[in-house]
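First the structure, in the form of structure tokens, and then the observations on it.
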Amino acid sequence: MLEIQNLTKIYKNVVANSNLSFTVQAGEVAVLLGPNGAGKSTAIKCIAGLLRFQGEIRVCDFPNKSIEAKRNFGYIPEIPSTYENLTVMEHMEFISLAYKVDDWKPKAQGLLVRFEMMDKVDKLGKELSKGMQQKLSICCALIAEPKVVLFDEPFVGLDPHAIKELKDLIGEMRAKGSAVLISTHMLDSIEELWDKAFIMCHGKIAAIRKRSEMEQNGESLEELFFEITEGKEEKA
Ligand code: ATP
């Protein structure tokens, strides 16, 4: 569903991503982990089609910058950007029309109820708090029920109710067969969610692990993360 082949991104003389290759299959929740500067945001921006890169990125078998890929793709950036002068409900309508979502209103309401945004439907983008903008950005990305979903640090800035709702939604997307990729620093936040982990370090993928493999080998994601990123196991 999401395939990254030999992704390389060089900013002037900084190699931010070096030959990354990984896949996220239908019904899989994958996490992209790594310390500051490892290259996660760069990879996310390349996958989202916001940067030029070398290599190949395919979404549902289409090149990531094609219209067909974009139809199947939802991206929730770390910093939400809403339209200042559209209301919450107008955002939902606009995105639904752009993505040709059938019977969009009940779907929009369903999402807005889950994120406690129904009392904000007439508020303008510029009148929303940062957390509300983030929740709106999630609702906008998910209304078209994308087959491939990319979240960049989705839990930062959300209140506990929204975090729980988002985790439930990610579980539901997995059950419906979407491929979900989550980039995060917060190992705790994804503990019960992930099926596959990609650990990045110095612009490269240093390890790829399935949860089932780690459970079988008695490995812990946190210990592996510190082994790779600090060259030692975490102390206490
Ligand atoms: P963080 O966890 O701190 O957000 P990250 O893993 O997302 O980090 P990136 O932002 O992808 O890391 O950065 C990877 C490398 O690319 C870093 O060395 C960074 O300094 C460099 N870099 C990122 N953006 C640019 C840019 N626009 N121009 C030049 N170098 C950049």
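One-based numbering, in listed order, for ligands and for the atoms of each.
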For K210, does the NZ atom have more than 12 heavy-atom neighbours from other residues, nucleotides or ligands under 6.0 Å away? no
Do G34 and ligand 1 have an N or O pair less than 3.5 Å apart? no
Tell me whether the rings of H91 and Y83 are parallel (<30°), tilted (30 to 60°) or perpendicular (>60°). tilted
With heavy atoms of T42 as the reference, note each atom of ligand 1 found under 4.0 Å away. 9 (P), 11 (O), 13 (O)
What do you think, any protein heavy atom under 4.0 angstrom from atom 4 (O) of ligand 1? yes
Using a cut-off of 6.0 Å, state whether more than 12 heavy atoms not belonging to K204 lie near its atom NZ. no
Shortest heavy-atom approach to atom 21 (C) of ligand 1 - which of L51, N17, I10, V14: V14
Would a search of protein heavy atoms around atom 29 (C) of ligand 1 find one under 4.0 Å away? yes
pair F225-P35: side-chain heavy atoms closer than 4.5 Å: yes
Against heavy atoms of P35, which atoms of ligand 1 measure under 4.0 Å? 6 (O)
Heavy-atom contacts with A38 under 4.0 Å: which atoms of ligand 1 show up? List them by number with element. 5 (P), 6 (O), 12 (O)
Atoms of ligand 1 less than 4.0 Å from H185 heavy atoms? 1 (P), 2 (O)
Are E165 and K135 ion-paired here, with the side-chain N under 4.0 Å from a carboxylate O? no
Does NE2 belonging to H185 count more than 12 external heavy atoms closer than 6.0 Å? yes
Closest approach of any protein heavy atom to atom 8 (O) of ligand 1, naming residue and atom: G37 N, 2.8 Å
Could you find the nearest protein heavy atom to atom 23 (C) of ligand 1 and give me its residue, atom name and distance? Y11 CE1, 3.4 Å
Considering heavy atoms of the protein only, find what lies nearest to atom 10 (O) of ligand 1 and give residue, atom and distance to 0.1 Å. S41 CB, 3.8 Å
What protein heavy atom sits nearest atom 16 (O) of ligand 1, and how far off is it? A16 CB, 3.4 Å
For atom 1 (P) of ligand 1, which of L32, L33, N13, N36 has the closest heavy atom? N36
Is the closest basic N to carboxylate O distance between E172 and R114 below 4.0 Å? yes
Just distances here: any N/O of G39 and N/O of ligand 1 closer than 3.5 Å? yes
Do the numbers put K167 on top of the ring of F155, so that NZ or CZ is under 6.0 Å from the six-membered ring centre and no more than 45° off the axis? yes
For Y11, is the NZ or CZ atom of K9 found under 6.0 angstrom from the centre of its six-membered ring and inside 45 degrees of the ring axis? yes
